[in-house]
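Counting starts at 1 for both ligands and their atoms, following the listed order. None of the values given here were measured: they were computed from a predicted structure.
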Amino acid sequence: MISYNAEKNLITLSNGKMSYVVYINPRGQLETLHLGAAWEGQEQDFSARPYVGGPELLDRASGKMYNAQNTYGVHREISSHGLGEKKDAPVLIRRENGSYVTDFRYVSHIVYKGVKPLTSQPHAKAGKDNSETIEILLKETSRELYLTYYLTIYVDKNILLKSMSIQNKTEKAVTLDRLYSMQLDLARSNFDLYHFHGRWAQERDLVKTPLSDGTFEVASNLGRSSHEQNPFMYFASPSATSDHGEVIGLNLIYSGNFIMRANVNRMKELHIVYGMNDEDFAWHLSSGETFEAPQAVISYSLDGVDGMSQAFHQFILDDLMTYKHNHAYKPVLFNSWEGCYFNFNTESVISYIDDAIKIGTELFVLDDGWFGQRNTDRLGLGDWYVNRNKIDLHKVMAHCKAKGIKFGIWFEPEMVNPDSDLYRAHPEYVPGEPEAETLTLHRHQLHLDMSNPHVVDNIYQQMKAFLEEYHVDYIKWDYNRVVMEHFSPYFNAENQGEIYHRMVLGYYDLISRIVRDYPDIMIEGCSSGGGRFDMGTLYYCPQIWTSDESDPAQRIALQYNTSLGYPLSSIGAHVNDHPITPYSTKAKLAFFGTYGYEMNPNKLTESEQAELSEIADIYVRYHQTVVEQGTLYHLVSPSESNDMCMQCVSPDRSTSIVLYMNKMKEHGMSRFVRLKGLAPKTAYKNSFDGQTYSGTYYMQVGLDLTHKAFGEFSAQLIILEEV
Ligand code: GLA
């Protein structure tokens, strides 16, 4: 998979479907030769290749002049900075004399099976069988700073990982002003960049930005991956479709500030850098210390958008998620939030449980409001003990047990209300300059200083005390504000450029300890809906609450778009009691997600219960094999059409489920939806019109949805089964 040609100084990563080729030039710089289709037996000699556009250099000692060979026209893995090269370098470390020159050259490399794990943050699993890594050691010219560059390729999917770490072997501390995770230089720049834009309750609008001369950036400086942007994005050739053409997807295994800059230079080449956002970043790296950047994940497809998205799904499910029961059946969930908000007591919760069971609930989750003095969102965060005056949690849990269902609870561990025991006892636990006149509140709450290990310990101890007494099966881990003050009273001046990142590391430290102590608990991520929907969180949480907006009119695009980068099984989706659409529409849409409920179940009529139970039964029967383990095809995008259609096919191709939804009314339209991924010769009976056709027929002629009038926002969930 990874080969090194010592004579020609070529490193080739190849899995038979794609290749990535790097050339070590005579000056020890890494040049990118190829990202694309499998490229084997093409190991030409590149040393005599003419370079264009580089400046001439003067060798000061000998007076000789020569061609620099290192500027525009040359594609780099890690551009230098301050040395005639004007590309945006992925690493910046100023020198003691104030010089900006940063320049790493090849020293040696090793190749091994699997992935090198990072020490303090999420990363791709070490898995030895399906991946291979080359670890290239580079050294700064004239100082003892080392950069280790990691490149991984997977055998079973078109996924590449890139990351870097810096080791300081000088006698003194240095300040790292930037360490991104990757650079990608391509000789072609004719791409459209697709990325997500949004806000609370409207996350992940898909935005298409054709690349043109200059620089475009997608970033977050909010302390979380954010509602506003998302670390997942892709570059598609303008002619690419859902199943043809070149598409390059990017993501980052990180939950904090990120930045991706794509520059089309004057030569019309593409230069991408991507990693942790370096806004207000300055990492004090003492002698002997190493700093690791998060891993960047590249999904390469010549089979269009779905090729890219399917590789990401497979990577996330098999090579990223660490939840112990990740591949096991996940219970139908009922969440109490939208049904009763903070207004509940033991009896009302028990009545919720009883009625939730009637619609197939297998896991009841008590959301916000059970702890401290938390009767409104103005108080109580930080006090993680049960409010026994309000709820007898032992009784509630015993009731769930007696009824044979699981029980889950809500936490928001990284936050505190000013009106709380924790804040009164420890005002120093929040970030912000001690002499600052004000602290910024969001939803009446402050961020805890997660960079301070005492804060992490305090919350861990509180959570542990609770979890030892109450053996819950599930935690919803919420995070309802952004980081405003990124100053930690716990650290010295020289470390203040580290706080954004240290806060993220504090989150990872806390959640890792909970996972270590309670590996059977399933944790669902959440951040005012989908403000932290990223690969860093998915490492711990097999599912994430996608958005606080469950109205199908909005959700239709939200879920479709999210699933371009993330697997359906991770996309938290609940049926609520939003009045405009019927329960059956909401349930079918939620089925193409995790499937759950969030309403007052006492108010459901018998016919509504029947409508929901029907989908719950389909969930129990098919969801795990067809939706969670199956392959997803995006057939019709709701951003481009009145309709939305997605299809899942089980791994053995015996079963497929199609979700078809329309926005406006449609009368008597000819609607043939051409399906994908079926076995051509297999006969499948479909549940829409009861007819049986071959896989080829469905794929080439289509599933006929013509002869029915669909009302506004009606949804069809069509099951195709091998007969
Ligand atoms: C956030 C979440 C909601 C709910 C509330 C509780 O807004 O996104 O699902 O848990 O917090 O306060």
Side-chain angles (χ1 to χ4, degrees), residues 198-204 222-228 230 255 333-344 349 352 356 363-384 386-387 390-391 407-420 441-448 463 472 474-482 507 522-534 537 541 543-551 554-555 558-559 562 570-578 586 590 593-601:
R199 56 202 66 85
W200 175 76
Q202 203 179 335
E203 297 88 340
R204 292 176 289 286
L222 296 162
R224 61 182 171 190
S225 46
S226 85
H227 298 78
E228 286 79 352
N230 189 273
S255 307
L333 181 156
F334 184 99
N335 180 292
S336 66
W337 179 244
E338 289 188 20
C340 57
Y341 298 103
F342 296 107
N343 309 318
F344 55 82
V349 169
Y352 264 43
L363 162 65
F364 182 88
V365 178
L366 185 60
D367 205 279
D368 200 352
W370 57 268
F371 54 90
Q373 299 309 309
R374 184 79 170 170
N375 288 320
T376 77
D377 58 7
R378 292 186 170 271
L379 66 170
L381 285 176
D383 301 337
W384 298 109
V386 177
N387 181 350
K390 182 171 181 180
I391 184 119
F407 179 79
I409 199 88
W410 181 93
F411 275 100
E412 194 179 355
E414 298 147 89
M415 301 293 167
V416 67
N417 284 116
D419 194 348
S420 66
L441 289 166
H442 279 189
R443 203 194 184 198
H444 324 295
Q445 67 197 52
L446 297 164
H447 206 298
L448 282 170
M463 291 180 79
V472 303
Y474 162 107
I475 290 173
K476 178 171 168 190
W477 187 297
D478 212 335
Y479 179 83
N480 284 317
R481 66 162 288 171
V482 301
Y507 160 48
M522 177 165 82
I523 308 181
E524 175 158 357
C526 178
S527 173
S528 303
R532 203 156 62 174
F533 207 115
D534 55 63
T537 295
C541 305
Q543 57 195 55
I544 301 176
W545 182 226
T546 313
S547 175
D548 279 344
E549 181 58 83
S550 288
D551 166 16
Q554 244 83 43
R555 269 271 174 166
L558 228 153
Q559 287 183 207
T562 305
S570 69
I571 297 178
H574 298 171
V575 181
N576 72 355
D577 57 8
H578 189 272
K586 292 183 282 205
T594 58
Y595 195 67
Y597 305 113
E598 189 162 341
M599 78 272 282
N600 181 345

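- Checked by atom type and distance alone, the side chain of T546 never pairs as donor or acceptor with a backbone atom of A573 at under 3.5 Å.
- Heavy atoms of N480 found under 4.0 angstrom from ligand 1 belong exclusively to the side chain.
- D367 and K476 are joined by a salt bridge, as a carboxylate oxygen and a charged side-chain nitrogen come within less than 4.0 angstrom of each other.
- Of the N or O atoms in R443, one or more lie within a sub-3.5 Å distance of an N or O in ligand 1.
- For the pair R532 and Y507, the distance from NZ or CZ to the six-membered ring centre is under 6.0 Å and the angle to the ring normal is within 45 degrees.
- Remark: the backbone N or O of F411 is not paired with any side-chain donor or acceptor of D478 at under 3.5 angstrom.
- Among the atoms of F342, none of the N or O lies under 3.5 angstrom from an N or O of ligand 1.
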Could you go through the side chain to side chain donor-acceptor pair (under 3.5 Å) check for N480 and Q445 one step at a time?
CA-CA 8 Å; N480 284 317; Q445 67 197 52; 5.1 Å; no
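- At under 3.5 Å, not a single nitrogen or oxygen of E598, backbone or side chain, sits near a nitrogen or oxygen of ligand 1.
- Which of N335, V365, D367, L381 comes nearest to atom 4 (C) of ligand 1 through a heavy atom is settled by distance: it is D367.
- Residue-level proximity to ligand 1 for C526 is carried by the side chain, the only part with a heavy atom below 4.0 angstrom.
- Classified by interplanar angle (parallel below 30°, tilted 30° to 60°, perpendicular above 60°), the ring pair F334/Y352 is perpendicular.
- Atom 3 (C) of ligand 1 has as its closest protein heavy atom D548 OD1, 3.5 Å.
- The distance from ligand 1 to the heavy atoms of D368 drops below 4.0 Å at these ligand atoms: 6 (C), 12 (O).
- The structure places CG of D383 at 8.0 Å from CZ of F371, a figure rounded to the nearest 0.5 Å.
- Of the N or O atoms in W337, none lie within a sub-3.5 Å distance of an N or O in ligand 1.
- Residue contacts with ligand 1 for E412 are absent, since no atom lies close enough (heavy atoms, distance under 4.0 Å).
- Contact annotation: for D478 versus ligand 1, heavy atoms closer than 4.0 Å belong to the side chain alone.
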